[in-house]
Amino acid sequence: MALSRAIFFVVTWITTTLIRGCLGKLDVGIHKHHSLDTWFLVTEKSSYVISAAANGYVVNMHWGKRLTHLDDLNATVTEPPIWSQVISVTEAREEVPAFGGLRYRENILKAELPKGIRELNLQYAGNATISDHSRKLDLDLRDGNRTEFLVTLHYELDIENDIIRRSYTVYNGLDKRVNLSKASSAAWHLPYALGWDEQRELTTLAGEWSQEAMVETTRLAPGVKHTVESTRGMSDHVSHPYFALSQVPNAVNPSTDVYFGALAWTGSWEITVHTDTKGYVRVTGGIHHQDFGWTLEPGESFTTPIFAAGYTDEGLPGARKRMPRHARKYQKRNLATQKDDDVFHPVLYNSWEAVTFDLSFEKQMALADKAAPLGIELFVVDDGWFGIDSPRDNDTLGLGDWDTNPKKFPNGFKPLADHVHELGMKFGLWFEGEMVNPNSDLYREHPEWVFHYDGIPEYLSRTQLVLNFGLKEVRDHIFEKVAGHIEEAGIDYIKWDFNRPMQGVTMHDYDRNPQEAWVLAVEGYYEIIARLKERFPNLWFESCSSGGGRMDLGALERTDQVWTSDNTRPDARLFIQYGASLWIPPRMKYGWVTDSSSDNRFEIPLSFRFHVSFMGGLGLGSNINEFSKEQLEKTTHWITLYKKIRHVIQNGDLDWLVPPSRVSELIAVTESIYNEGEEAVVLAFRHNSPFPATGDLSPIRLRSLDQDATYRVTIWQEDPTEPEDEYEMSGALLMYRGLELPGLNNGMFKSAVVWLQQA
Ligand code: GLA
């Protein structure tokens with residue numbers, strides 16, 4: 001019996017394999033066509049096809065739904081592009097449209113070659129390498145085969161998330177120097193629209209300090225180029241390097257195809273989106289070209305940062321699932337601290353909002369004593385602990401002097417850190433290593449270490465200046481200071497801040513292009529993180545920049561978590577978290593419960609504040625010294641509940657069933673889905689409204705559950721100790737009829753946490 005079953009399986013396997021072979025089924029991974037210079041980049045649900053088969057220009061042939069068979073492949077390649085320099089190459093969907101020739105759309109590479117030539121004509125050089133188990137592809141392009149100017153395109157597949165990571169390396173094989181004045185990372189080409197009716201909507205993020213990641217949508221219009229950017233030397237709050245382009249459903253194309261992408265660069269950046277009357281859309285992005293410059297001496301090369309982009313036919317929720325998963329995947333890959341999904345992001349306490357610069361050993365000891373019994377797992381000392389001659393009593397003093405202030409902490413941090421450890425918590429400390437106040441010993445000793453132009457005034461912002469992290473001696477000095485504290489006190493975690501934009505960015509006494517400073521500064525920041533992580537593999541690193549000014553993909557892949565915003569008012573936070581969830585993994589996005597949640601018109605309940613902060617990593621920033629006994633008790637219970645459900649929140653996908661709206665009924669609902677719908681957590685909010693909030697809330701239709709499973713539904717509202725309701729319900733009913741939350745009817749600042757577990 002067993003033998004006949006085995007024979008049956010072997011025969012079936014052989015037959016299936018043969019049939020597949022005949023049809024030439026394209027598996028996931030990167031494949032080259034057997035005879036043509038055409039490559040198929042296949043992910044779970046998408047295909048990306050590039051070809052140099054027609055005339056040597058490397059062009060995109062397809063990006064979208066997955067092609068599955070060789071016959072698809074042949075159909076694609078029998079339609080070669082006929083572009084040439086004569087029939088304007090500007091129409092071509094070139095992978096690297098460079099400046100030069102008859103190219104008049106957005107280009108991504110501009111180089112000055114010897115003899116003043118600033119024109120490139122890049123064509124396939126006949127060399128391609130597929131590696132890393134068919135996940136990576138490198139393609140060489142040469143400048144019209146005329147010169148030794150080589151561009152190697154890099155592609156890397158994130159197969160499960162339908163994302164492709166792109167960058168390229170420019171190599172100067174000439175015997176003279178070459179200057180780059182633009183080196184964006186990639187050009188992405190969307191399929192042509194089918195007629196005028198087919199429209200696309202662009203989703204981008206706008207913002208400012210305390211108002212990060214505001215979602216904006218714009219219809220693409222022919223002839224209009226959209227740009228989102230930061231020119232400030234950091235990825236910044238004014239926008240965030242992310243885009244999504246959604247197909248507006250219509251009769252011709254009823255599906256909501258979405259193309260989305262994010263840049264992994266923590267410096268100045270730009271993303272442009274342009275469409276024309278034929279419905280062709282090009283997206284470009286990379287380092288901002290405004291003051292970019294890089295010199296390549298003979299034999300030198302320059303590699304651009306990664307621009308990752310993907311395709312989904314599951315609409316914006318599909319994009320919101322994929323990009324955070326992608327960031328998490330690379331974070332796990334890069335950081336020893338993040339390898340294990342069961343090591344959860346700790347519940348932290350940080351007294352910055354409660355006491356600002358008013359720090360002392362005694363006060364922090366007392367706060368630690370109060371924090372531990374609440375269930376806090378990480379105790380962080382923020383700004384204000386350093387400076388000897390210029391003690392950091394406010395933000396005009398001491399930045400750069402990373403010595404413990406002897407009046408505030410007479411014996412350094414060891415006694416406090418030891419105490420915190422004895423209480424069972426981890427210990428964290430704040431640094432802003434790339435900055436200096438003019439009123440500091442460091443600036444008095446090394447005024448030449450800050451970014452400045454000789455003879456031009458230095459422009460202060462938050463009374464501080466930016467150190468030139470392009471200089472090794474600066475990085476070494478700061479690294480030794482930070483590492484010294486970590487070693488001496490046994491610090492587990494650092495919060496690394498960056499509180500002003502750059503200016504005066506240049507390199508002095510440098511025989512190369514001084515504009516390189518923009519890139520060197522960012523690489524210096526990356527180097528410090530890498531060195532710290534190497535010396536202290538268990539160290540956790542938080543990326544902060546006046547709130548959420550440094551939470552691009554580049555920061556996400558190198559750090560443990562990000563501080564999303566200095567605005568901790570929970571109703572504002574809903575909007576910020578909505579935008580940030582487009583690309584940031586839930587566990588990396590911290591939210592603090594603070595006291596900044598009331599003004600003189602209303603008080604936002606503690607339950608609402610906790611529920612908003614439950615959406616990612618949980619923090620507490622309130623002045624717990626002033627908490628009543630009841631508030632302390634409730635805080636303990638909310639933290640206990642959070643710990644019970646955080647595996648769902650931190651490891652699940654965050655979906656927004658109802659996005660927060662500024663115009664209609666002020667409701668917002670999220671659903672964290674864990675392990676294919678085995679469990680879920682719903683957070684529902686009825687927030688502030690100028691209108692009487694009298695209506696009943698309609699049932700909320702959940703998503704991504706198992707329709708055949710029965711779920712245990714537990715609902716908490718204001719009391720963390722006593723569920724408001726508990727019952728069992730089928731996945732089908734929860735998804736197709738909806739979850740009723742009558743407790744949110746009639747009122748403002750009402751909220752609920754709902755835990756769904758398959759019974
Ligand atoms: C920035 C951060 C805050 C806090 C202060 C300290 O604004 O975003 O969380 O650390 O700096 O000066």
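As the structure lists them, so they are numbered: ligands from 1, and atoms in each ligand from 1. Hydrogens, waters and symmetry mates are skipped; everything else that's a heavy atom, side chains included, is used.
Taking every non-hydrogen atom of Trp563 and a distance limit under 4.0 Å, the qualifying atoms of ligand 1 come out as 8 (O), 9 (O). Residue Asp382 approaches ligand 1 through these ligand atoms, each under 4.0 Å from one of its heavy atoms: 4 (C), 6 (C), 10 (O). The distance from ligand 1 to the heavy atoms of Asp383 drops below 4.0 Å at these ligand atoms: 6 (C), 12 (O). With ligand atoms numbered from 1 in the order given, ligand 1 contributes 1 (C), 7 (O), 11 (O) to contacts under 4.0 Å with heavy atoms of Asn499. Interface atoms of ligand 1 facing Gly547, defined by a heavy-atom separation under 4.0 Å, are 8 (O).
In this structure, Asp401 has no side chain to side chain donor-acceptor pair (under 3.5 Å) partners at least two apart in sequence or on a different chain. Partners of Ser607 by side-chain contact (heavy atoms from CB on, under 4.5 Å), not counting sequence neighbours, listed by chain and number: Pro605, His611, Trp638, Glu718.
Checked by atom type and distance alone, the side chain of Tyr526 never pairs as donor or acceptor with a backbone atom of Ala521 at under 3.5 Å. In this structure, Asp497 contributes its side chain and Asn499 its backbone to no donor-acceptor pair below 3.5 Å. Checked by atom type and distance alone, the side chain of Asp341 never pairs as donor or acceptor with a backbone atom of Asn651 at under 3.5 Å. Checking side-chain atoms of Ser440 against main-chain N and O of Tyr443 turns up a donor-acceptor pair under 3.5 Å.
Taking only nitrogen or oxygen atoms, main chain and side chain alike, Asp497 reaches within less than 3.5 Å of ligand 1. Residue Trp209 has no nitrogen or oxygen atom sitting less than 3.5 Å from a nitrogen or oxygen atom of ligand 1, judged on distance alone. Taking any N or O of Trp352, backbone or side chain, none lies under 3.5 Å from an N or O belonging to ligand 1. Inclusion of Trp430 in the set of residues having an N or O under 3.5 Å from an N or O of ligand 1 is warranted.
The environment of NZ in Lys339 is crowded: more than 12 heavy-atom neighbours from other residues, nucleotides or ligands sit within 6.0 Å.
Heavy atoms of Lys495 come nearer than 4.0 angstrom to ligand 1 in at least one pair. The shell of residues lying under 4.0 angstrom from ligand 1, judged by heavy atoms, excludes Glu542.
The part of Cys544 lying near ligand 1 is the side chain, judged by heavy-atom distances below 4.0 Å. Residue-level proximity to ligand 1 for Asn350 is absent, since no heavy atom of it falls below 4.0 angstrom.
The nearest protein atom to atom 7 (O) of ligand 1, hydrogens excluded, is given as Asp566 OD2, 2.8 Å; this is a heavy-atom distance.
Aromatic rings of Tyr578 and Trp656 (six-membered ring for Trp) have centroids within the 6.0 Å cut-off, being under it.
Put simply, NE2 on His345 and CG on Asp560 are 6.0 Å apart, with the number rounded to the nearest 0.5 Å.
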